[in-house]
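A short write-up of the structure that comes next.
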Amino acid sequence: MPELPEVENVRAGLEMRLTGRTIEKVEVYWDNIIASPAIDEFCERLKGQQFERIERRGKFLLFFLTDVAILSHLRMEGKYQIVPHATPRTKHTHVIFHLDYEDDLRYLDVRKFGRLSLVEKSNIYQHPSLQKLGPEPTDEALSVYAMQQFLKSRTKSIKGVLLDQSMVAGLGNIYVDEVLFRAGIHPETPGKQVKYQQLEILREAIIKVMKEALQAGGTTIRTYANSFGDPGHYQDFLQVYGKKGKPCPNCHTPIQKIKVAGRGTHFCPHCQKLPQKAEGVTP
DNA sequence: AACGCTGCCTGTGGGC
DNA sequence: TGCCCACAGGCAGCGT
């Protein structure tokens with residue numbers, strides 16, 4: 001599943017290859033992929049538009065064209081590829097942007113969970129999906145103080161908080177398990193019970209893991225590939241995700257898999273303990 | 001305000 | 001071996 005490092009990799013590849021290219025025609029083969037506007041308007045307004053630049057915010061891709069912009073989320077299995085017009089369309093190809101010079105930009109998605117929206121360039125950052133996002137997981141944007149303020153009123157698990165994108169943007173199920181392991185925090189710890197000192201460690205872990213995964217070209221568990229079709233390599237550095245029953249890299253206790261916030265969750269029961277309640281202390 | 005549930009989807013793999 | 005069904009999961013939308 002593409003999370004921030006994978007999406008950033010896709011962004012860089014697409015920007016390199018699409019800048020200056022013109023869309024001649026758009027074909028949509030699965031209507032629900034287009035969140036808005038209506039299919040006809042989506043296709044019509046993109047005709048003749050030229051790619052200027054491609055940005056990323058959290059796990060969203062922002063394509064800036066001559067007059068309009070496209071907001072794109074890959075969700076679980078979305079992929080972009082650039083191929084010659086003549087390439088046969090596979091059954092998982094749902095949108096084809098016909099470009100100049102006999103090429104296509106194609107959107108593929110086995111699960112059909114991904115979404116594309118055509119939006120006005122001037123107010124793309126006012127889009128509700130982007131408004132909900134917390135800061136980027138970088139040294140400059142993410143502060144311990146803001147995390148502490150955010151968590152003050154949160155009773156739900158720290159894993160649930162990290163998945164919902166509003167405290168910090170870009171992490172998904174894999175990287176949440178990895179950063180909580182590195183910070184020594186049990187995934188079920190209620191948000192408000194994470195101590196300030198642990199938050200400092202968590203912030204560092206988030207920034208470090210995102211940076212390392214980006215440099216490794218992302219994580220390929222099943223199917224992820226960038227726009228060149230290349231897989232990532234960060235799966236070789238995962239410490240807990242997908243390691244159920246394997247020894248913890250720190251203490252050799254078997255990694256456990258449980259369900260937290262409705263998601264498969266991997267952690268070390270020895271290195272990641274729930275905070276103890278104050279009650280029950282003998283006088 | 002914060003939380004939890006449901007719908008969207010199809011390929012995979014565990015159980016029998 | 002082959003069939004069936006539960007499961008996987010990010011986000012939007014909605015109810016509480």
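Below, each value reflects all heavy atoms present in this structure, side chains not excepted, and no hydrogens, waters or symmetry copies. So that the names make sense, note that chain A is the first sequence line, chain B the second, and so on, each numbered from 1.
Using a 4.0 Å cut-off, no side-chain N or O of A:W30 falls inside it from OP1 or OP2 of B:dC8. In this model, the phosphate group of B:dC9 is not approached by any side-chain N or O of A:H94 to a distance below 4.0 Å at OP1 or OP2. Between A:Q165 and C:dG10 there is no side-chain N or O to OP1 or OP2 distance below 4.0 Å.
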I'd like a list of close polar pairs between nucleotides 5-7 of chain C and the protein, N/O only, cut-off under 3.5 Å.
none

Between the protein and nucleotides 12-16 of chain C, which nitrogen or oxygen pairs come in under 3.5 angstrom?
unit_1 : atom_1 : unit_2 : atom_2 : d
C:dA12 : OP1    : A:S129 : OG     : 2.5

Considering only nitrogen or oxygen atoms on both sides, find all protein atoms under 3.5 Å from nucleotides 2-5 of chain B and state each distance.
unit_1 : atom_1 : unit_2 : atom_2 : d
B:dA2  : OP1    : A:S153 : OG     : 2.7
B:dA2  : OP2    : A:R154 : NH2    : 3.3
B:dC3  : OP1    : A:T155 : N      : 2.6
B:dC3  : OP1    : A:T155 : OG1    : 3.1
B:dC3  : OP1    : A:K156 : N      : 3.0

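Under a cutoff of 6.0 Å and an axis angle of 45°, A:R21 and A:F51 do not form a cation-pi pair.
The salt bridge (charged side-chain N to carboxylate O under 4.0 Å, His left out) contacts involving residues 117-138 of chain A comprise A:R45-A:E120, A:E52-A:K121, A:R56-A:E136, A:R57-A:E136, where partners must be two or more places apart or lie in separate chains. Residue pairs meeting the salt bridge (charged side-chain N to carboxylate O under 4.0 Å, His left out) criterion with at least one partner in residues 164-180 of chain A, sequence neighbours excluded, are A:K156-A:D164, A:K159-A:D177, A:E178-A:R182. Within the structure, salt bridge (charged side-chain N to carboxylate O under 4.0 Å, His left out) contacts touching residues 59-76 of chain A (residues at least two apart or in different chains) do not occur.
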Taking only distance into account, with no hydrogens and no angle test, what donor-acceptor pairs under 3.5 Å do side-chain atoms of residues 27-38 of chain A form with protein atoms, sequence neighbours excluded?
unit_1 : atom_1 : unit_2 : atom_2 : d
A:E27  : OE1    : A:Y29  : OH     : 2.9
A:E27  : OE1    : A:H98  : NE2    : 2.9

I'd like a table of donor-acceptor pairs (distance under 3.5 Å, sequence neighbours excluded) in which one partner is a side-chain atom from residues 185-203 of chain A, with atom names and distances.
unit_1 : atom_1 : unit_2 : atom_2 : d
A:H186 : ND1    : A:E188 : N      : 3.0
A:T189 : OG1    : A:H186 : O      : 2.6
A:Q198 : OE1    : A:K195 : N      : 3.3
A:R203 : NE     : A:L142 : O      : 2.5
A:R203 : NH2    : A:D139 : O      : 2.9
A:R203 : NH2    : A:D139 : OD1    : 2.8
A:R203 : NH2    : A:L142 : O      : 3.2

Check residues 84-91 of chain A and write down every donor-acceptor pair under 3.5 Å in which the side-chain atom is one partner and the other belongs to a residue at least two apart or another chain.
unit_1 : atom_1 : unit_2 : atom_2 : d
A:H85  : ND1    : A:D104 : OD1    : 2.5
A:T87  : OG1    : A:P84  : O      : 2.8
A:R89  : NH1    : A:T93  : O      : 3.2
A:T90  : OG1    : A:T93  : OG1    : 2.9

Donor-acceptor pairs under 3.5 Å, side chain of residues 237-253 of chain A to any protein atom, not counting sequence neighbours: which ones?
none

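Not a single ring-ring contact (aromatic ring centres under 6.0 Å, His included) links A:F113 to another residue, sequence neighbours left out.
With its ring centre under 5.5 Å from that of the base six-membered ring and a plane angle below 30°, A:F113 counts as stacked on B:dC8.
Here the side chain of A:H73 pairs no donor or acceptor atom with the backbone of A:L116 at under 3.5 angstrom.
The distance from atom CG of A:L116 to atom P of C:dC11 is 15 Å, rounded to the nearest whole Å. Summarising the geometry, the separation between NZ on A:K112 and P on C:dG10 is reported as 20 Å, rounded to the nearest angstrom.
Stretches of at least 3 consecutive Watson-Crick or G-U wobble pairs, with each checked distance under 3.5 Å, appear in DNA chain C as B:2-16 with C:2-16.
Side-chain polar atoms of A:Y125 and A:N123 form no donor-acceptor pair below 3.5 angstrom.
Judged by distance alone, with hydrogens and angles left aside, A:R263 brings a side-chain donor or acceptor within reach of the base of C:dG10, the pair sitting under 3.5 Å.
Atom CZ of A:F267 sits about 11.5 Å away from atom CZ of A:F181, to the nearest 0.5 Å.
In this structure, A:R53 and A:T19 have side chains that are not in contact, with every pair of non-hydrogen atoms separated by 4.5 Å or more.
Picking from B:dC9, B:dG11, C:dG10 the nucleotide with the shortest atom distance to the side chain of A:N173 gives C:dG10.
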